[in-house]
Colleague: 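Submitted below is the structure of interest, expressed as structure tokens.
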Amino acid sequence: MRGLLRPVGSEPARVYWVRRLVVLAVLVVVLVGAGFLISGVFGSSDEADPEPTAAPTKTEEDPSPDAACDPKDLALTLNDPAEEVAAGKEAAFDVGVTNNSSDPCTVDVGDESRVLTITSGSDRIWSSADCPSEGEDSRLVLLRPGSTKVDTVIWDGQRSNEKCDSDLPQPRSGTYKLEVELEDVEPAEHSFNIS
């Protein structure tokens with residue numbers, strides 16, 4: 001005990017105390033490292049792995065926004081259409097498609113799906129489906145619940161046909177009917193005059 005508290009030897013006492021402190025520090029580091037190693041090995045096996053979070057799944061009650069709109073939930077409208085159009089002049093028609101359901105959905109409002117047709121009696125004058133602009137034949141849009149997508153469709157005042165002929169006779173003065181159609185949706189109609 002005396003040799004522990006009062007070092008015996010030819011070196012000064014301070015040297016022996018420094019050596020003891022160094023040995024003690026190394027011992028502490030070794031013990032702490034061993035403790036971390038043991039807790040890492042045994043602790044990981046004792047703790048239960050957290051349950052993986054399940055990815056949300058879509059159900060019939062949670063429809064995908066990419067789902068096509070049900071035609072019975074859609075409504076077509078014509079917003080403030082012109083009553084009078086000058087012969088040979090352009091006319092603009094604002095066409096709305098409204099989603100009346102409580103779910104978002106997509107609808108094709110391209111020129112081949114949502115079709116505007118102008119007739120005079122049994123005479124078919126013009127259709128937006130005739131020779132649509134490139135990239136406009138099909139166009140999917142997302143409709144949120146209760147929202148309306150409004151597009152302006154321009155009629156150039158000329159006749160058209162499926163063959164894209166350019167030498168067709170000019171529409172004459174009179175009363176014409178504009179009809180907007182979308183598959184299985186109630187059409188919207190409007191009468192106007194060409195003067």
Colleague: What verdict does the side-chain contact (heavy atoms from CB on, under 4.5 Å) test give for Leu140 and Val107, after you've listed the backbone C-alpha separation in whole Å, the side-chain angles of each residue and the deciding distance to 0.1 Å?
Modeller: CA-CA 5 Å; Leu140 287 175; Val107 62; over 6 Å; no
Colleague: Quick one: does Leu142's side chain get under 4.5 Å of Pro104's, heavy atoms only?
Modeller: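 Heavy-atom side-chain distance check passes, below 4.5 Å.
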Colleague: For the SG atom of Cys131 and the CG atom of Asn161, what is their distance to the nearest 0.5 Å?
Modeller: 7.0 Å
Colleague: How would you list, by chain and number, every residue that makes a ring pair (Phe, Tyr, Trp, His ring centres under 6.0 Å) with Phe192, sequence neighbours excluded?
Modeller: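 In terms of ring pair (Phe, Tyr, Trp, His ring centres under 6.0 Å), with neighbours along the sequence ignored, Phe192 is linked to Phe93.
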Colleague: How far apart are the closest heavy atoms of Pro81 and Leu78, and which atoms are they?
Modeller: CD-O, 3.8 Å
Colleague: For Lys72, is there any backbone N or O sitting under 3.5 Å from a side-chain donor or acceptor partner on Asp70?
Modeller: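 Flag set: sc Asp70 to bb Lys72 pair under 3.5 Å.
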Colleague: Please determine if Asp103 and Arg144 form a salt bridge, counting it only when a charged side-chain N lies under 4.0 Å from a carboxylate O.
Modeller: no
Colleague: Pair up each side-chain donor or acceptor in residues 169-187 with any protein partner under 3.5 Å, not counting sequence neighbours, and list the distances.
Modeller:
unit_1	atom_1	unit_2	atom_2	d
Thr175	OG1	Asn193	OD1	2.9
Tyr176	OH	Arg172	N	3.1
Tyr176	OH	Arg172	O	2.5

Colleague: Between Leu168 and Trp126, does a side-chain contact (heavy atoms from CB on, under 4.5 Å) hold up when you go through it step by step?
Modeller: CA-CA 11 Å; Leu168 300 172; Trp126 174 85; over 6 Å; no
Colleague: Taking the side chain as everything from C-beta on, heavy atoms only, tell me whether Leu143 gets closer than 4.5 Å to Thr148.
Modeller: no
Colleague: Strictly by salt bridge (Lys or Arg N to Asp or Glu O under 4.0 Å), give each pair with a member in residues 145-164 just once, sequence neighbours left out.
Modeller: Arg114-Asp151, Asp123-Arg159, Arg139-Asp151, Lys149-Asp151
Colleague: Within the 3.5 Å criterion, strictly below it, is a donor on Thr98 or Asn100 matched to an acceptor on the partner's side chain?
Modeller: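 No, no side-chain donor-acceptor pair sits under 3.5 Å.
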Colleague: Quick one: OG on Ser160 to CZ on Arg124, what's the gap to the nearest 0.5 Å?
Modeller: 5.5 Å
Colleague: Sequence neighbours left out, what pairs pass salt bridge (Lys or Arg N to Asp or Glu O under 4.0 Å) with at least one residue falling in residues 74-98?
Modeller: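 Of all non-adjacent pairs touching residues 74-98, none passes salt bridge (Lys or Arg N to Asp or Glu O under 4.0 Å).
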Colleague: Indicate whether the side chain of Asp108 and that of Ser138 have a donor and an acceptor atom separated by less than 3.5 Å.
Modeller: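 Result is yes, a qualifying pair exists.
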Colleague: Looking at residues at least two apart in the chain, or sitting in another chain, which of them share a side chain to side chain donor-acceptor pair (under 3.5 Å) with Thr117?
Modeller: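 Side chain to side chain donor-acceptor pair (under 3.5 Å) list for Thr117, sorted by chain: empty.
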Colleague: Side-chain heavy atoms under 4.5 angstrom apart, residues restricted to Ile, Leu, Val, Met, Phe, Trp, Tyr: same cluster for Val97 and Leu116?
Modeller: yes
Colleague: Is a side-chain donor or acceptor of Asp111 paired with a backbone partner of Val115 at a separation under 3.5 angstrom?
Modeller: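 No.
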Colleague: What residues, two or more places apart in sequence or in another chain, satisfy side chain to side chain donor-acceptor pair (under 3.5 Å) together with Asp73?
Modeller: none
Colleague: Considering the options Val95, Val141, Val150, Val153, which one meets the side-chain contact (heavy atoms from CB on, under 4.5 Å) requirement together with Val109?
Modeller: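 By the side-chain contact (heavy atoms from CB on, under 4.5 Å) criterion, Val109 pairs with just one of Val95, Val141, Val150, Val153: Val141.
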Colleague: Could you state the interatomic distance from CG (Leu76) to CD (Glu189), rounded to the nearest 0.5 Å?
Modeller: 11.0 Å
